Amino acid sequence: MSLWIYLHFPALQLNALQSSPNGDALNTSQGMIVVEGRKNEIIQMNQRASENGVCLGMGLATAASMCEGLYVIEYDSALESEKLKEIAHWLYMVTANISLVPPNGILLQASNMLTLYDGLANYWQALVDQLKHLPFEYSFASGFSPFAARMLAGKSFNQISQSERALFQAVKQCDLSETELSSKHITTLNRVGVHSIADLLRIPLPDIAKRFGSDLVNYVGRLTGLFHHVIDFYHPPKQFQRRFDLLFEIINLKLLEKPLLKLLALLESFLIMRDQYAHELQLELYLRDGNTSTVLVTSAAGEYQSKAWLSLFVLKLESMKVASPVIRISLSAVRVAAKQGEVSDLFDGKQGALSPLELLSVLQAKLGNESVKGIQVTEDPRPHLSSALCTPLEKAPSTVQPDQSLLRPSILLPRPKPLREKVAIIKGPERLSTGWWDGQAMIRDYFIARAENGRWLWVYRTPKQQWFLHGMFS
Amino acid sequence: MYGRYAELFCQSNFSFLEGASHPEELVMQANFLNYDAIAITDECSVAGVVRAFTAIKQHKLNVQLIVGSLLRLDDSLSLVLLCPNRLAYAELCRLITNARRRAHKGSYELSEWDLMSIKHCFAIWLPKGNDHDAHWGAWLKKYYPERLWVGVQRHLQHNDKDYTQHCRALAEHFHIPITACGGVLMHSATRLPLQHTLTAICHGISLQESGHLLLKNTERSLRSKKKLNAIFDEALLYESVLIAQHCVFDMAELRYEYPHELVPKNETPMSYLRKLVDKGIAFRFPEGISDEIQAIIDKELKLIEELNYPFFFLTIHDVVMFAKRQGILYQGRGSSANSVVCYCLEITSVDPSQISVLFERFISKERDEPPDIDVDFEHERREEIIQYIYQKYGRERAALAATVISYRFKSAVRDVGKALGIAETQLDFFIKNVNRRDRSLGWQAQIIELGLQPDSLKGKQFIQLVNDIVGFPRHLSQHVGGFVISSGPLYELVPVENASMAERTVIQWDKDDLESLGLLKVDVLALGMLTAIRKSFDLIHHYYGRRLSLADLTRMQDDPNVYAMIQNADTVGVFQIESRAQMSMLPRLKPKTYYDLVIQIAIVRPGPIQGDMVHPFLKRRNGEEPIEYPSDAVKEVLARTLGVPIFQEQVIKLAMVAAGFTGGEADQLRRAMAAWKKTGELFQFKNKLIKGMLERGYELSFAEKIFEQICGFGEYGFPESHSASFAVLAYASAWLKYYYPEAFYTALLNSLPMGFYSASQLVQDAQRHHVSIQPVCINRSMIDHDLQGENAKVIRLGFRLVKGLSVEGQNLLVRERPPLGFKSVSEVKAIGLSRRDLESLASADAFRCLSDNRYETRWQLMNPESSLPFMSSTVAEEPIGDFRFKPKDIENLTEDYASLGLSLDHHPITLMEKANLLGNFVRSNQLSRVEHKSFVDVVGLVTGRQSPGTASGVTFMTLEDDTGNINVVVWAGTARAQKQPFLMAKVLKIKGILEREGDVVHVIAGKLTDMTQHLSQLRVSSRDFH
């Protein structure tokens, strides 16, 4: 029989929130609950909420009436899965054969690790030590099958044992409601007097098969360890990360080029082997004073060649200064993707010209990511909000369909200017009286006008009869 | 002064999620702006016109109403049709009906043919401004010669000039006259935010995302004539007035005729009604009729003739006669139902010689309101009545009235919140936590408490928009049972559209609209108690050989035994007076006569309680307070209720005799009362009422008290006319409970779901009345609960109670059961019941006569092998093997509740006490021995938690132990300090102080202890581990 250990994290999302960088700001004297919206059921809560009589499984309204000033968080299963992966990744340093049981459990196959650690106690100690670094509450149990370990951990058995007898006894005492069984199965079983695992195990498997079908037989077989239970194990992500301890300290960042090129060469081979491109690299500079400094470089089109990457890094590093010398660097590929075929036609006239993506990479490297923006039309009816900055090269959502018939000038002044010249009104008014919802309400009558010098202007009049120039037609 | 103008294109909020003003607001504003006329032209609908019509009449506005509708054909043609005359109106209704009946509920499908068939309506063409217009211009010119205008709108858009030019060119080219129109969606520019919000809601997105879908400015409101003159040529404006002048159709012309087939040839409706009444007299008064009653009948008939209502009575008579032929029990109620004529026509069973309620009180000339008769039918058989009506009159001539579903608080918060981009969880949180019953705190205050920032922009907008949108119509739904039946096709009177129920159609007007136009509807309602009473009558006839009818029971006059039982509040299962509030009032009010019951039913309502009328009435009745009247006129109105207004009619009548309201005004007051929580309209009447009473010499304090009482009555006021009919059923059910309890409980159980109590509570009440009840049995039960044993005095529960047992299964069981019963479980199995049916029966312990362990039986039945054909005959019973599960008492109880919803053998409290889990406590039936104001411990299942809005801060709890119910009062402070047990406990122990007032006992809760976990302990402690 193989031995399993199950770790159950009952408040993954709540703990994650409490331990987040700004988690200190949370008031611990306030009741906090995590609510599963679809079922309107409370699934996690803090001490304070529990003291006020809030129970798991309660509805939101009841909970709110129990505990005043309740802080309500909507359940986020994606976040929990993410956290679960983090935990697995962390545990991977001390144990193999980890299986994720989303949304909030981790199963470990203990049997294979016992020789390595010289016994269960040492192994468990290593796990506990590793888990100490994480902010998550957990309950645990060992068991001779994944189901058994999970069930016991779920009811906070919190014992690690190899004693078959003791574990079996504990399993037998479990109520059917504590199992993985569907509520339909549980009801049918209850209605013939079967309430506990002990009751269930008293029935011969053939009798179960006849009356309840193979599902239940499979369950019982797996629970007792009689049947093999196929488990998918966790594999850490295939990610490029290399570290390089500098032989001497570097204060002039230009000198980083050489060691960096070495790392980039490693990356190049890593990418070639996998036929991948990297889109974003992160270079961490570990400084002598204990600080680290991070450099992010992106290539929108994707790149694998070390030289190309190096030139991007060099552009970045040119404008950087460090407070104390660099002692170690580490390079990781933040985003990689499979290579996609590029179209570059031999007869295309623009040989050697930069593609938009390449241009973007260069601009971003030179100016910083934040300084490069795209522009996009929006749904907003107010002229000064009818276009907005966006991430470069992003396409506007297809729902946005600006009214093409509107006559709008191609040059819009960033800020309207009082109209100081004599103009002739050619067309108008077009009255805009809208925008109340975000506090930027406006009432304006827009006109198309011609200045004396023949320029076509876009001007408007306010309710106070003041005139402004807002744009020029080209 | 500026020129004249008539608005010919204006949509109200009955163009759902588009128009942003009520029809009333639109006509008032048009009147204010001095328009000649305003057309209400909702999209493929006339649902809003009656409201506009009523507002004009009510406020005596000087603006003409034109009926019309906006119609869109695909995306290429928009047209406003206006009704110049009655023929055009019928035509429009027919067109809307056709377009609506073709499509799903809430939408419409217009075809070119629909528009081509129009011969009388005026058409205002709204050109799109694109190339298709040329095609449509020629088309329209062909089908609408002389009745067509181009409608030009100007909304200060960028292309106004081009558009106007385009319209003028079309007009010239096709020789069509041209007029200005507004395309109005709001009565005032201030509604723009709300209109934007509606648009966002309509598209299911937030305002932020709505962008170009939103109106750019406020020009689609009713604009001043000054502005119109600035943007339109005078000729265009004047054309609108000319069109309006041709529209002479007035909603007041609408009168529909009752179906003629009800009257035989050679008879007039009135002569036929007289004939039927004469026949009824012979039937109802076999010993002959007193002069007095004959005089009343003559008077009633005269009134019916004067007001021209004979058809209404004939229609209802026809429907109830059908019910009578089918053996469906019914009872009429409402303002005209309790007349001698209705008694003779067998519409009601209230014997007029027994009660002094006079017809005249309910139907009167000066009170300008149509007669109102609702007929309740057995709830299980109402569908037969509806089908009869459809069959008799056809779908063209009969349809249900609509109910306008409007935004209420919850839906408003949800929709407005979403449009403003507030997270849905946040909105849910608001909705779930706002206590709508706590009137002392408005919802705004509560929502701020829940975390909305009231001074933030979004907070302010949210509060404002929710307030604005509440009361906005959202869609039309079907009225519960209000039928409109006409002599000709209904669609010439009002458009008919599909309801969400298949095969149901509704008209576009609701009951208030019908009332405003003086159109009559026939209310066909469902009432569970009628089913129960009819089933009681059947059982009594079948088993005891006595034939009874409602009229028989009322004719026997008031029975002191029955009233003694009622005074003891022994009224579980009795119609209307079985609620806890009623029960605690019965020993105080001590009804002795039929009319006492009428008062009892009306007085225990939020209205009289809020108006503080209960205590004065009790005091006067007990002689503790003098009965005084400020005048003889008031005395006449209030004498029958000892000077305290209890019924809605009294309040209305009071306004008439004491404050000089006219009949019409009093009717408006009645409607304002019904809706005053929504609209606050009632305060308009305050000055008039008080001034009127002061003028007539009443004191200010009296006048103010009356007004306060009217406010208290509000929407909860209960009419005497309904109470009088309900009292008959209350008395009949009490009589049956007293004289034939076995039949009565059986009938009640067979009529569930209905009433106040569950099967379990009814069965416990029966057992307390020493009625013997036998469990469901595979060999003895029928489908329904039935009477068995010697003299048929034992109730045998029927298969219908078994959860999960199919109807086919029940039939099969009864049909295939051997005369001497089944001898073995496998014999039952052999008749071909499904496995699910068999297992349900096993769990319900229906096999008890064959096997005493329901677990084992179910286990055995779950084995598919034994149902193989060759096994069933050869193998008598499958060997049980080592099946060792035997239900304990608590498990039996759990199974009973799970499969039957009740247990005959055990009560949880008994079992818990046996297991020593409850400590000391006093049982319900022992409480009478506990001294007033002494400490007491009680335990029970929590069966009720009520916090009436009236007695703020108090919750009434009902605990059920194994001997009866205990009334517990929990003060807000107590509840707040012990929230967990207060809110969560299923089994509760309460330490408190007993209070006794007469025979009414309450326990005022002190300490609450949640005993629920002991229930599961019961199972665990009784289970042995091996």
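In what follows, every chain begins at residue 1, and chains take the letters A, B, ... in the order their sequences are listed. Fair warning: this is a prediction, and the values are worked out from it, not measured in the lab.
- Atom CG in Leu207(B) sits 10.0 Å away from atom CG in Asp438(A) (nearest 0.5 Å).
- Atoms CD and CZ, on Gln860(B) and Arg211(A) in that order, are 8.5 Å from each other to the nearest 0.5 Å.
- Shown here is Arg835(B), whose CZ atom has more than 12 heavy atoms of other residues, nucleotides or ligands within 6.0 Å.
- Val192(A) approaches Phe885(B) most closely through the heavy-atom pair O-CB, 3.7 Å.
- Dense packing is recorded around NZ of Lys803(B), with more than 12 heavy atoms of other residues, nucleotides or ligands lying under 6.0 Å away.
- The aromatic rings of His196(B) and Trp436(A) sit parallel to each other, their planes meeting at less than 30°, with 60° as the upper class boundary.
- Surrounding CG of Asn130(B) are more than 12 heavy atoms belonging to other residues, nucleotides or ligands, all under 6.0 Å away.
- In this structure, chain A has a heavy atom under 4.5 Å from the side chain of Lys161(B), while its backbone stays farther away.
- The contact between Pro193(B) and chain A is made by backbone and side chain atoms together, counting heavy-atom distances below 4.5 Å.
- Only the side chain of Glu219(B) has a heavy atom closer than 4.5 Å to any heavy atom of chain A.
- Surrounding NZ of Lys39(A) are at most 12 heavy atoms belonging to other residues, nucleotides or ligands under 6.0 Å away.
- Here the side chains of Glu430(A) and Lys216(B) are not in contact, with every heavy-atom distance at 4.5 Å or above.
- Chain A forms more heavy-atom pairs under 4.5 Å with one residue of Lys458(B), Arg854(B), Gln208(B) than with any other, namely Gln208(B).
- Among all heavy-atom pairs drawn from Thr218(B) and Ser433(A), the shortest one is CG2-OG, 3.7 Å.
- Neither the backbone nor the side chain of Asn52(A) comes within less than 4.5 Å of any heavy atom of chain B.
- Rounding to the nearest 0.5 Å places CG of Asn217(B) at 7.0 Å from CZ of Arg431(A).
- Summarising the local packing, CD of Gln980(B) is surrounded by more than 12 heavy atoms from other residues, nucleotides or ligands at distances under 6.0 Å.
- More than 12 heavy atoms of other shown residues, nucleotides or ligands fall within 6.0 angstrom of atom CZ in Arg408(A).
- For the pair Pro381(A) and Gly211(B), the tightest heavy-atom approach, listed with the atom from each and the gap, is CD-CA, 4.0 Å.
- At a 4.5 Å heavy-atom cutoff, Ile231(B) makes no contact with chain A through either its backbone or its side chain.
- Of the two parts of Ser899(B), the backbone and the side chain both hold a non-hydrogen atom closer than 4.5 Å to a non-hydrogen atom of chain A.
- For chain B, the nearby parts of Leu432(A) are the backbone and the side chain; heavy atoms of each come within less than 4.5 Å.
- Of the atoms belonging to Glu895(B), heavy atoms from both backbone and side chain fall under 4.5 Å from chain A.
- Atoms CG and CE, on Leu189(A) and Met862(B) in that order, are 7.0 Å from each other to the nearest 0.5 Å.
- For a residue to count as touching a neighbouring chain, one of its non-hydrogen atoms must lie under 4.5 Å from one of that chain's; by this rule Asp162(B) touches chain A with the side chain only.
- Interatomic distance, CG of Leu983(B) versus CE of Met58(A), reported as 7.5 Å (0.5 Å rounding).
- Of the two parts of Ile203(A), only the side chain, counted from C-beta on, holds a non-hydrogen atom closer than 4.5 Å to a non-hydrogen atom of chain B.
- For a residue to count as touching a neighbouring chain, one of its non-hydrogen atoms must lie under 4.5 Å from one of that chain's; by this rule Ala898(B) touches chain A with backbone and side chain alike.
- Proximity of Asn190(A) to Glu891(B): side-chain heavy atoms (C-beta onward) are nowhere separated by under 4.5 Å.
- Atom CG of residue Asp380(A) and atom NE2 of residue His212(B) lie 7.5 Å apart, to the nearest 0.5 angstrom.
- Under the 4.0 Å criterion applied to side-chain N and carboxylate O atoms, Glu839(B) and Arg191(A) are not assigned as salt-bridge partners.
- Only the backbone of Leu215(B) comes within less than 4.5 Å of a heavy atom in chain A; its side chain stays farther off.
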